[in-house]
J.: 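Let me give you the structure first, and then I'll get to my questions.
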Amino acid sequence: MNENLEPNEMIIHLGPQHPMQPGPFRLNLRLNGETVMGAEIELGFIHKGIEKILENKTYLQGITIVDRICYLVALTNEECFVGCTEKLLGIEPPERSQYIRVILEELTRIQSHLLGIGEFGEFIGFVSMFMYTIREREEVLGLIDMVTGARVTHSYLKFGGVRADLPDGFKEKTISVLNNLKKSVDDFEEMFHTDRIYRERTVGVGVLTADVAKNLGVSGPALRATGVPFDIRKNEPYLVYKDLDFKVCTETAGDCFARVQVRLNEIRESIYILEQCLDRIPNGPLFPENTPYSRRTPVMRVPAGEVFHRVEDPRGEMGMYMVSDGSDKPYRVKVRGPYYPTLQALPPLIIGTTVADVAAISGSMDGCTSEADR
Amino acid sequence: MVLKNIKYALKKIPKPPVTRMYPEKASELSERFRGLQILDKSKCIGCGICANTCPNNAIRIVKVPIAPGSDKKRWFPEIDIGHCLFCGLCIDQCPKGALSSGKEYAKGLVKWKHKDLLMSPDKLAREISIEEGDER
Amino acid sequence: MDVTEILKSLTDTFPEVISEATAESGIRARAYVDREKAREVCQYLKDSLQFDHLCSVCGVDYIKRNELEVVYHIASYNHPVVLMLKAVLPRENPEIESAVPVYWNANWYERETYELFGIMFKNHPNLKPLILPEDMLGEWPLRKDYKGFPNATARNLV
Amino acid sequence: MTIISEFIVPFLPWIRGIVGLALIGVIFLAAMGAVWLERKLSADIQSRMGPCRVGKYGLLQLVADAIKLFTKEDMKPSNADSLLFNNATIFMMGSIFLMLVAIPVGAVFVNGVEYPLAVTEMDISVLYIEAMSAITIFGIFMVAYGSNNKYSLLGAFRNFARMVGYEVPLGITVVSVAVMTGSLNIVDISRSQGMLWNIFLQPLGCFVFFVALMADMGRLPFDQNESEEELIAGWITEYCGMRFGLAFFAEYIHMILGSFLVALLFLGGWNVPGFVANNPVLGLIAPTGFLIVKVVFVLMVIIGLRWAVPRFRIDQVVDLSWKRLFPLLC
Amino acid sequence: MSGIIDSYIPVAIFLVVALVMPPMTMFMVKQLSPRSNAASKYTTYESGSVPTGTARIQFNVEYYLYAIAFVLFDVEVLFLYPWTTVYKGHGITSIAVVEMFAFIFILLFGYIYLWKKEALTWVK
């Protein structure tokens, strides 16, 4: 990048310690005045070697490790890992467990999107937005905390079920929280729609077209904002998503405004899913009949085989490729994180924009470097 | 224009704060909160399943007196809280239900040195105070 | 599009290159590909079979067979089938044609696989370490015979 | 008695100047108050508590901060230009002190006769204040160029672009106010609004002046020069310790003086009804108090706006000035 | 004449204070503050990375046309200032208004020309 530097160009490093970033990575920008002429990303500041660690932990211990892939969506990560293992074991959780999982994962989606919207607000200078959303997120986290006993790293899912049943009073509390949340989401939307400064900063900024987004391998809200209805919950239903009624939220503009709008709509959609789940959740056991893998799991050997399982993370498509050689530890786990390709697509997207837009575009992707750099 | 934002901001001014003065006013913990483990010495058989399950190898089985000052020794788990993830697997896997979650998450767990974070069976059983040995 | 259809189309077009093409379930398929022709197969998949979304590229070290495998997970934005395309490489001097000209986002996946497994991707635009420091190049940490874990790599864990 | 007063008259400006120095202390305290106000108000908007540990309602927080800043190491990057880097604060402080000289901070009525509380009265004080206000930009650019930091450089150039855009609307609105009075003396302008405040005569002018002033001071919708999500802290990135403290205080004092300008030029200054002015006790307090109330109100508007709106991009800011405000004026 | 000079004497006093106060403060800080030496502490801050190249480059000022326009219009404002004082009560009000409007009108012409020439757009 140093080569061919013209006299009025300079290289500026954003990161690894920069308020714009969701985590440490380095963005090298070649600037001409305020305009970005070239961009390059360097990763690896918080590489945790999760894939190597998983190879050295038993399946049960692995659940606690995959929590740490992305601290915002620990339950979705667990779902992916546990789903892989369940496929290898050939078991399926009973319906009540599946509903509980869906409830918790949708709550996770809501809290992640709330944080994403707030962060985006902060990146374009609207600091209070972060506080508004984080306050709503706190309520949702409280619900998750009530069920799992932890706010960030839950280790709640088990092979073939969940660790514990929903506590008493969960339904009532959830419904009241969700009703408040609906009002707040409407408020946020109205604020975003009526604010002229916000519109000037977002409309037409960082535009991805459907073809380009597909080519770049982007998934999740960033892709859906371009009008592609790609959602693993619909394309390849897991758990009980095939019984539930929901629609895939899409926008057509593909700019920062559309991405945030997709997130807001997805929060509404998640609330709708949660209401259905709470109505329909059947009574029954948490684990399949006659399973050895109940709450207290023995040392288990997973049959040899390989599997690729995908779930819909709040940021897009999360996949895990697991190879088992019949021992009690996975032979190889490949984590396909959703933010990794999105981050990769950042440099082509920001070339030609200004420094201020870099923050807006990067923020609208709702990043989690921890997961890209796992 | 931006009037809606301003209105929203003004609406928030009279509302009470949602934050707390932390050390004075403790957080409300959920019932299933996983804090520092509690060991029931009468139930523990010293089998070592917890030590094998621990993802971070934080648990060690040590032979210690069954009570402070006693001559009789038995095997009990000793948890290095500095490495503990608070995942709760040891509690799930305990065959006798000897381990359970406590509510301590800050008190007694803030130490200057890593070695002070080693929770001996006595401390886990709350037979001696967990704040003991806290030099500052 | 159906799995059997896809596999049939694939084996018919590349009879020598594709082997062991099997359908695991309605939405998963698996096939081995000759490593010389991996890129052409990818190109065909993208152009003719709507496999326009590369999920991931990863390596697996089968030390007992003395082989490395490069696994492409190729999915589509239109149908739910995920094709697991595998290429077998020797453990000494593993080399394979880069898929970047076909799938733009293969770039980082291949860089990561290169530094973790030592698999050379020929004609890759920028094959240099992505997540590991430069001085760890050559240790190939995700291979099964890597000795450094956890003592060398996780040394700062007190 | 007369001899003494005759003796004093030639030295009167000197005495006024030296007594006026007390204003500097007052204004520093006021700046502390403004910072506290900002922190509390933002906390209220965001459902937080704000400073609450040091002193009652955290009132002493700023004192604690000042002590901290005083005892912090003064660091200068090794490849910075010492001359520019060290002396930039003089320009910033100079700018606000010299503004302060001409701004009347109130008035007292003794026996119905008005005495404005300004350190000095000059015929062209409005022009003078604007000129002094523009000096800050030198300080900012000295910091940015001296510290050899790329964020600072970008911030300083953004500052220039913004200044270039907003000095003209600012100037024109001031002229429009001055025309109504026929004087460039801020005391006269303020005094002339006894009947009707200028904001009612020129609502548009007031709006433009307010926006341009916000831009001039670099408050949030227009704080591109130190937009922290993009440029860490913009031009001030390399400043730390008390050097930062001085620049920070200069910024807040600038804000307070800006609020004074709004209150004096558009909100009727210290004018109170005649019966109040003639009251011996109220006449001493009421006009100044009234002015201060207005200033605090303007301050709160400025501060509150910061926490309720996003930030413009720099080209949008300049567009706003040249393509929106400018035609509005013409 | 002396009246005008008099009104600037406080300005001079404040100027002296402004010149002296920051160095004084920094001197006090020097006495109070601790000091330590570490080479990396004194590098330029660039988000934790080692800076590439210097910041003192030929910066591409994307708004130089604004700057030229600014000079133009600022001079206009300067010409307006004396006008304000003679507007009222000198018996030349009507002439002043007409003259001033003629002046502004001509400048407005220039402004429209600038806009049409797209001198008022941010150059990329």
Side-chain angles (χ1 to χ4, degrees), chain D residues 12-14 16-18 20-21 24 70-79 86 89-90 93-94 97-98 100-101 119-123 127 145 147-153 157 161 164-165 167-168 171-172 175 178-179 182-184 232 237-238 241-243 246 315 318-319 322-323 326 330, chain E residues 4 6-15 17-19 21-23 25-26 28-30 32-36 39 41-47 51 54-57 59 61-63 66-67 69-70 73-74 76-78 80-81 83-89 104 108 111 114-115 120-122:
Chain D
L12 200 58
W14 294 94
R16 284 176 86 163
I18 286 162
L21 287 180
I24 293 177
F70 256 106
T71 50
K72 273 184 101 163
E73 186 186 351
D74 172 36
M75 257 172 45
K76 182 171 72 67
S78 47
N79 55 357
N86 290 341
T89 39
I90 294 178
M93 279 291 145
F97 284 179
L98 294 182
L100 187 60
V101 177
V119 179
T120 178
E121 274 183 64
M122 47 181 88
D123 299 336
L127 184 60
Y145 200 74
S147 60
N148 195 3
N149 183 315
K150 288 161 196 163
Y151 302 124
S152 303
L153 192 80
F157 274 112
V164 158
E167 281 295 303
V168 177
I172 291 181
V175 166
V179 166
S183 165
L184 282 172
I232 319 288
T237 306
E238 287 293 351
M242 198 56 208
R243 220 181 274 284
L246 286 175
D315 53 333
V318 181
D319 272 8
W322 286 102
K323 295 189 177 162
F326 211 79
C330 291
Chain E
I4 293 177
D6 279 355
S7 66
Y8 285 95
I9 287 170
V11 175
I13 294 172
F14 270 64
L15 187 62
V17 174
L19 285 177
M21 193 207 130
T25 321
M26 292 325 293
M28 272 166 68
V29 169
K30 263 224 159 83
L32 286 171
S33 67
R35 234 157 300 160
S36 71
K41 201 166 101 180
Y42 294 99
T43 51
T44 310
Y45 177 74
E46 207 165 307
S47 322
T54 174
R56 294 178 184 131
I57 55 159
F59 193 80
V61 184
E62 287 156 325
Y63 45 85
Y66 292 112
F70 166 68
F73 288 101
D74 221 27
E76 175 204 348
V77 175
L78 268 186
L80 287 174
Y81 273 109
W83 172 62
T84 58
T85 47
V86 298
Y87 174 70
K88 262 185 189 170
I104 292 175
L108 206 62
Y111 174 71
L114 274 176
W115 194 330
L120 299 183
T121 44
W122 192 264

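First the proteins, then the strands, lettered A, B, ... as listed; each starts at 1. All of these numbers come straight from a predicted model, not from anything done at the bench.
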J.: For residues E:F14 and D:F97, report the shortest heavy-atom separation together with the two atoms involved.
T.: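 Where E:F14 meets D:F97 most closely, the heavy atoms are CD2-O, 3.4 Å.
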J.: Which atom names give the shortest non-hydrogen contact between E:P22 and D:T89, and what distance separates them?
T.: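 Distance-wise, the nearest heavy atoms are CB-OG1, 3.7 Å.
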J.: What are the two closest heavy atoms between D:N149 and E:Y45, and how far apart are they?
T.: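 Closest approach of D:N149 to E:Y45: ND2-O, 2.9 Å.
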J.: So which residue, D:T71, D:N148, D:V101, D:L127, ends up with the most heavy-atom pairs under 4.5 Å with chain E?
T.: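 Counting heavy-atom pairs under 4.5 Å, the top option is D:N148.
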J.: What part of D:S152 gets closer than 4.5 Å to chain E, counting heavy atoms only: side chain, backbone, both or neither?
T.: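 Contact with chain E is absent: no heavy atom of D:S152 under 4.5 Å.
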J.: Distance from E:M26 atom CE to D:R243 atom CZ, nearest 0.5 Å?
T.: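 The CE atom of E:M26 sits 4.0 Å away from the CZ atom of D:R243.
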J.: Which atoms form the tightest heavy-atom contact between E:V29 and D:K72, and what is the distance?
T.: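 Heavy atoms only, the tightest pair is CG1-O, 3.6 Å.
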J.: Indicate the atoms forming the closest heavy-atom contact of E:A18 with D:G94, along with that distance.
T.: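 E:A18 and D:G94 have their closest heavy atoms at CB-CA, 3.4 Å.
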J.: Check whether D:T237 gets within reach of chain E through its side chain, its backbone, both or neither, counting any heavy atom under 4.5 Å.
T.: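 Just the side chain, heavy atoms under 4.5 Å.
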J.: Examine whether an atom of D:I90 lies under 4.5 Å from a heavy atom of chain E, and if so say whether it belongs to the side chain, the backbone or both; otherwise answer neither.
T.: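 The answer is both parts of D:I90.
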J.: How many angstroms lie between OG1 in E:T44 and OH in D:Y151, if you round to the nearest 0.5 Å?
T.: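 Here the rounded value is 11.0 Å.
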